[in-house]
Structure formats: structure tokens, C-alpha cells
Amino acid sequence: QVQLVESGGGLVQAGDSLRLSCAASGLSFSNYDMGWFRQAPGQEREFVAQISASGGNTDYTTSVNGRFTISRDNGKNTLYLQMNSLKPEDTAVYLCAARWSTTWSLRRRTNEYAYWGQGTQVTVSS
């Protein structure tokens, strides 16, 4: 079955960096667009970034644009999120998600993704 397993979260101070990873198995990774979402306590899950199956197209929510970078290694079936200049408001559980790749478009809704990981906690202290 499809498995998406996130790692790399932790407790950091404001201004620090983290790199999250999402290891995928049970699917043809290079045929899937991938996304990162996050969910803070008591809040709805929100879109963070997405990347096309080939890695040639990316999209970010405004609040992370210029600080976060999404990337992927199709040879390793792994998705990444490099997070720099972290802020306390970035504190959340970060989840990766997969959707079958079609024509590239900006799909930021959770119901557009078929598979989800369990998430990794990122906590940024001030």
C-alpha cells in the first residue's frame, strides 16, 4: 500500500533552519505531484507548497515564499522541504501529500490529494 513517511521535524529557535523529508513507497513516485501542508492546533490544515512530478514547477503560499524551498529526488522517492528563517507562526505539524499528476495547475485544496503522511512536528520558539 501507499506510504508517505515524514521526518526531520523538531524544536528550533526563530531564525533557524530545518529540512523535512517525505519518503514515499507503494506508488510510482515520479508520476505524482507532491505537496506539503501544515496544521496548527485548533486550526484547519493549510497549503504550504507543491511541486510537479518532474520537479520543474513549484508553488508556495505567500507566507513562506522566499523562505521555504520544495524539492524532490525521484531516484530516491523522496520529497523535501527546506525551511529557512523560521518564525514562531510556522509552528505546526507538517504533512506531505500526493496526487496523480495531470496537467500542472495550482491545486492547493486538501481534497485534491489522494495520499497523506502522518506528519512531523515543527516547533519554533521565539
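In what follows, every heavy atom counts, from backbone to side chain, and hydrogens, waters and symmetry copies are set aside.
Side-chain contact of Q121 with T123: a donor-acceptor pair under 3.5 Å is present, judged by distance alone. For the 3.5 Å distance criterion, the side chains of D73 and T78 fail to qualify, holding no donor opposite an acceptor.
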Which donor-acceptor pairs under 3.5 Å do the side chains of residues 7-16 make with protein atoms, sequence neighbours left out?
{"residue": "D16", "atom": "OD2", "partner": "Q13", "partner atom": "N", "Å": "3.1"}

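Atom CD in Q39 sits 9.5 Å away from atom OG1 in T110 (nearest 0.5 Å).
Judged as a side chain to side chain contact (heavy atoms under 4.5 Å, CB included), and not counting sequence neighbours, the contacts of T102 are W100, R107. For R67, the side chain to side chain contact (heavy atoms under 4.5 Å, CB included) partners at least two apart in sequence or on another chain are V64, S85, K87, D90. Every side chain to side chain contact (heavy atoms under 4.5 Å, CB included) that R19 has, sequence neighbours left out, goes to Y80, Q82.
Hydrophobic clustering places Y60 together with V122 (ILVMFWY residues linked when any side-chain heavy atoms are closer than 4.5 Å, directly or through intermediates). W104 and V48 end up in different hydrophobic clusters when Ile, Leu, Val, Met, Phe, Trp and Tyr side chains are linked at under 4.5 Å.
A 4.5 Å side-chain heavy-atom check between L79 and I70 finds at least one atom pair inside the cut-off. Taking the side chain as every heavy atom from C-beta outward, N84 and F68 never approach each other to under 4.5 Å. R72 has its side chain within reach of F29: a pair of non-hydrogen atoms, C-beta onward, lies under 4.5 Å apart. Side-chain contact between E6 and L20: absent, with no pair of heavy atoms (C-beta onward) separated by less than 4.5 Å.
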| message | Show, in sequence, the C-alpha distance, side-chain angles and deciding distance for Q1 and Y115, and conclude whether the side-chain contact (heavy atoms from CB on, under 4.5 Å) test is met. | response | CA-CA 10 Å; Q1 74 274 23; Y115 302 109; over 6 Å; no

| task | List the steps, then state whether salt bridge (charged side-chain N to carboxylate O under 4.0 Å, His left out) holds for E46 with R38. | result | CA-CA 5 Å; E46 66 169 351; R38 64 187 180 187; 2.6 Å; yes

| said: Between L4 and M34, is the side-chain contact (heavy atoms from CB on, under 4.5 Å) condition met? List the steps. | reply: CA-CA 11 Å; L4 301 176; M34 300 294 295; 4.2 Å; yes

| request: Show your working on side-chain contact (heavy atoms from CB on, under 4.5 Å) between L86 and L18 and close with a plain yes or no. | output: CA-CA 8 Å; L86 282 161; L18 278 176; 4.2 Å; yes

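Residue N74 comes nearest to S30 through the heavy atom pair ND2-CB, 3.7 Å, listed as atom of the first residue, atom of the second, then distance. Between L81 and A49 the shortest heavy-atom distance is CD1-CB, 4.4 Å.
Distance alone, capped at 3.5 Å, places no donor-acceptor pair between the N77 side chain and the S28 backbone. Distance alone, capped at 3.5 Å, places no donor-acceptor pair between the Q43 side chain and the A40 backbone. Under a 3.5 Å cut-off, the side chain of S101 and the backbone N or O of Y32 do not form any donor-acceptor pair. With R99 contributing its side chain and N111 its backbone, the two residues share no donor-acceptor pair below 3.5 Å.
Connectivity analysis of hydrophobic side chains (ILVMFWY, heavy atoms under 4.5 Å, direct or indirect) links Y113 to F37, F47, V93, L95, W116.
Screening T58, N57, D59 for a side-chain hydrogen bond (donor to acceptor under 3.5 Å, both in side chains) with Q50, the sole residue that qualifies is D59.
Q118 CD: 12 or fewer foreign heavy atoms inside a 6.0 Å radius.
Listed by first and then second residue, the disulfide bond (SG atoms under 2.5 Å apart) pairs that reach into residues 52-126 are C22-C96, sequence neighbours excluded.
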